[in-house]
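Take a look at the structure set out below.
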Number of protein chains: 2
Amino acid sequence: MSQHRHPGRAGAVPALPDLPEATVARLPEYLRALHNVAETGHETISSEGLANAAGVNSAKLRKDLSHLGSYGTRGVGYDVALLVEQIEYVLGLTQRRAVALVGVGNLGHALAGYDGFAGRGFRIVALFDADPRRIGEEINGLVVRHIDELPEVAAEESVAIGVIATPAAAAQRVADQLVAVGVTSILNFAPCVLAVPEGVDVRKVDLAIELQILSFHEHRKAALTALPAAGGSALTALPGGFAVTESQEAIGT
Amino acid sequence: MSQHRHPGRAGAVPALPDLPEATVARLPEYLRALHNVAETGHETISSEGLANAAGVNSAKLRKDLSHLGSYGTRGVGYDVALLVEQIEYVLGLTQRRAVALVGVGNLGHALAGYDGFAGRGFRIVALFDADPRRIGEEINGLVVRHIDELPEVAAEESVAIGVIATPAAAAQRVADQLVAVGVTSILNFAPCVLAVPEGVDVRKVDLAIELQILSFHEHRKAALTALPAAGGSALTALPGGFAVTESQEAIGT
DNA sequence: AGCTGTGAAGTATTTCACAGCT
DNA sequence: AGCTGTGAAATACTTCACAGCT
């Protein structure tokens with residue numbers, strides 16, 4: 001077993017094992033599934049059960065969880081409450097992180113109003129825009145401020161994560177401003193690549209890209225059904241047997 | 001190297017090579033970068049140049065493009081227009097695919113109004129909701145219809161892709177309805193796992209998950225700076241040397 | 001001389017299959 | 001008997017480094 005013996009420390013809390021990125025990307029999904037399970041009143045769940053709820057296979061789930069240090073009981077399963085606690089700890093969700101949102105156009109507006117953040121460990125503490133016509137507008141209890149006020153607000157609220165929902169042309173400038181005030185994590189909805197210094201993490205969500213990936217698979221399916229194609233699964237007749245399709249992963253690596 | 005020799009077929013159009021998923025996920029980013037390059041008037045671009053514009057390294061880019069069949073010229077680079085055409089063909093963007101959007105709440109509203117789709121190969125042809133209060137509302141020239149009208153509309157408009165922007169509780173039912181009318185590609189914004197028959201592709205975007213992944217890295221960075229930590233890159237002092245951070249990939253897998 | 005295309009090596013991730021705890 | 005934790009095998013992906021075309 002060639003694994004990370006992180007030095008001694010016989011305490012309950014495992015001082016952050018360094019997880020594979022692929023594992024990190026799945027932990028939030030496990031957490032969501034666990035919250036669902038908890039609501040149904042179950043106190044423990046097997047790897048098989050949780051894997052189904054999270055849309056992965058059970059071997060993968062077990063390996064992922066084993067990286068956390070293993071909080072299951074053989075013959076029984078995982079303690080739901082304990083596992084929730086562990087994953088929340090590892091993901092750093094024990095503190096409610098402050099998020100600043102820049103760009104309250106079409107998409108930014110929706111994000112500002114999205115109530116899914118609060119329950120999942122985040123609170124939006126400030127809204128910014130560069131367009132004078134939007135400054136002062138109130139959304140969900142927050143007033144939109146000019147982006148140049150970012151330094152004051154960031155210091156005041158100790159912003160941990162910046163979300164960019166501006167047009168592509170403005171995104172790099174905003175990223176620079178965020179980095180300048182010490183933000184080291186950025187979620188970018190603008191369709192462009194951001195240059196940031198080492199140590200700053202950027203994740204990107206591009207809606208058109210998602211559709212284009214689906215388009216590729218549509219195209220391929222169409223090409224396959226056009227062929228005579230011996231072997232394997234017919235795609236034309238929809239098979240009745242439903243199944244969770246595996247690899248509905250949440251965003252890659 | 002054990003790779004996919006797909007049988008002969010010596011035509012100009014490469015009858016859809018089966019690309020690695022990781023490559024498929026990057027092609028849209030290359031396409032976007034190429035459009036930017038085209039606007040600057042360049043007719044060719046090197047792998048190095050395009051790789052920079054897309055935020056990947058050049059070896060990866062060359063390997064990705066080589067899967068398409070190779071449309072570069074040694075000593076020169078890639079013909080921008082030709083490469084755009086090739087990628088659009090492979091992604092199936094030569095036809096403008098019809099998208100149906102279900103759920104015009106907070107997020108759905110924003111998606112319905114997002115103008116980034118039109119320029120990237122898609123047109124939203126119908127909006128649906130289950131809430132009677134929303135039916136009849138007009139957004140961006142489209143009227144919101146009741147989800148039960150999906151069968152008629154889908155037949156009429158030959159919907160290729162369904163986008164689910166409903167609350168989690170409603171998402172599975174909507175997915176079933178989409179599948180029932182023959183939709184085989186779904187983009188799911190609801191925070192839940194969907195069960196779909198084989199042959200149906202689901203991609204998931206979950207905003208809270210993205211933030212949680214960033215949170216993990218914040219947490220880890222904080223843990224690292226807390227240590228004395230010999231070796232390697234200091235994270236505390238921001239180094240001035242900017243760089244595109246690699247792996248700003250658009251969504252996983 | 002420059003730049004692509006690609007075997008081969010290196011790394012990461014998934015899956016198998018089973019030992020070992022409860 | 002049931003279910004976790006994990007080596008080992010299999011697969012996927014990335015990177016290197018250079019042959020070979022222009």
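Of the possible donor and acceptor atoms, one in the side chain of A:His219 sits under 3.5 Å from a partner among the backbone N and O of B:Tyr89.
Taking atom CD1 of residue B:Ile45 and atom P of nucleotide C:dC3, one finds them 12 Å apart after rounding to whole Å. The distance between atom CG of B:Leu50 and atom P of C:dG2, rounded to the nearest whole Å, is 20 Å. Between the P atom of C:dA12 and the NE2 atom of A:His67 lies a distance of 12 Å, rounded to the nearest Å. In this structure, CG of B:Leu83 is placed 12 Å from C1' of C:dT4, rounded to the nearest angstrom. Whole-Å rounding puts the B:Leu19 CG to D:dA12 P distance at 14 Å. Separating the CG atom of A:Asp64 from the P atom of C:dT13 is a distance of 10 Å, rounded to the nearest angstrom. Protein atom CD of A:Glu21 is 15 Å distant from nucleotide atom C1' of C:dT11, rounded to whole Å. The distance from atom NZ of B:Lys60 to atom C1' of C:dG7 is 19 Å, rounded to the nearest whole Å.
A salt bridge links A:Lys204 to B:Glu29: at least one charged side-chain nitrogen sits closer than 4.0 Å to a carboxylate oxygen. Salt-bridge annotation for A:Asp18 and B:Arg220: absent, with no side-chain N of the basic residue lying under 4.0 Å from a carboxylate O of the acidic one.
Taking 4.5 Å as the limit, some side-chain heavy atom of A:Leu178 sits within range of a side-chain heavy atom of A:Ile186.
Checking D:dG20 for Watson-Crick or G-U wobble geometry (two distances, each under 3.5 Å) identifies C:dC3 as its partner. D:dT15 is paired with C:dA8 under the criterion used here, namely a Watson-Crick or G-U wobble arrangement in which both key atom distances are under 3.5 Å.
The shortest heavy-atom contact between B:Pro28 and A:Gln212 is CB-OE1, 2.9 Å.
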Protein-to-nucleotide contact annotation, 5' to 3' order, nucleotides 16-22 of chain D [B base; S sugar-phosphate only; - none; under 4.0 Å, heavy atom]: BB-BBBS
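Phosphate proximity of D:dG5 to A:Tyr78: present, with a side-chain N or O under 4.0 Å from OP1 or OP2. In this model, the phosphate group of D:dC3 is not approached by any side-chain N or O of A:Ser47 to a distance below 4.0 Å at OP1 or OP2. Remark: B:Ser46 is not in phosphate contact with C:dC3, judged by side-chain N or O atoms under 4.0 Å from OP1 or OP2.
The number of heavy atoms from other shown groups lying within 6.0 Å of CZ (B:Arg173) does not exceed 12.
Judged purely by distance below 3.5 Å, without hydrogens or angles, the side chains of A:Asp64 and A:Tyr30 pair a donor atom with an acceptor atom.
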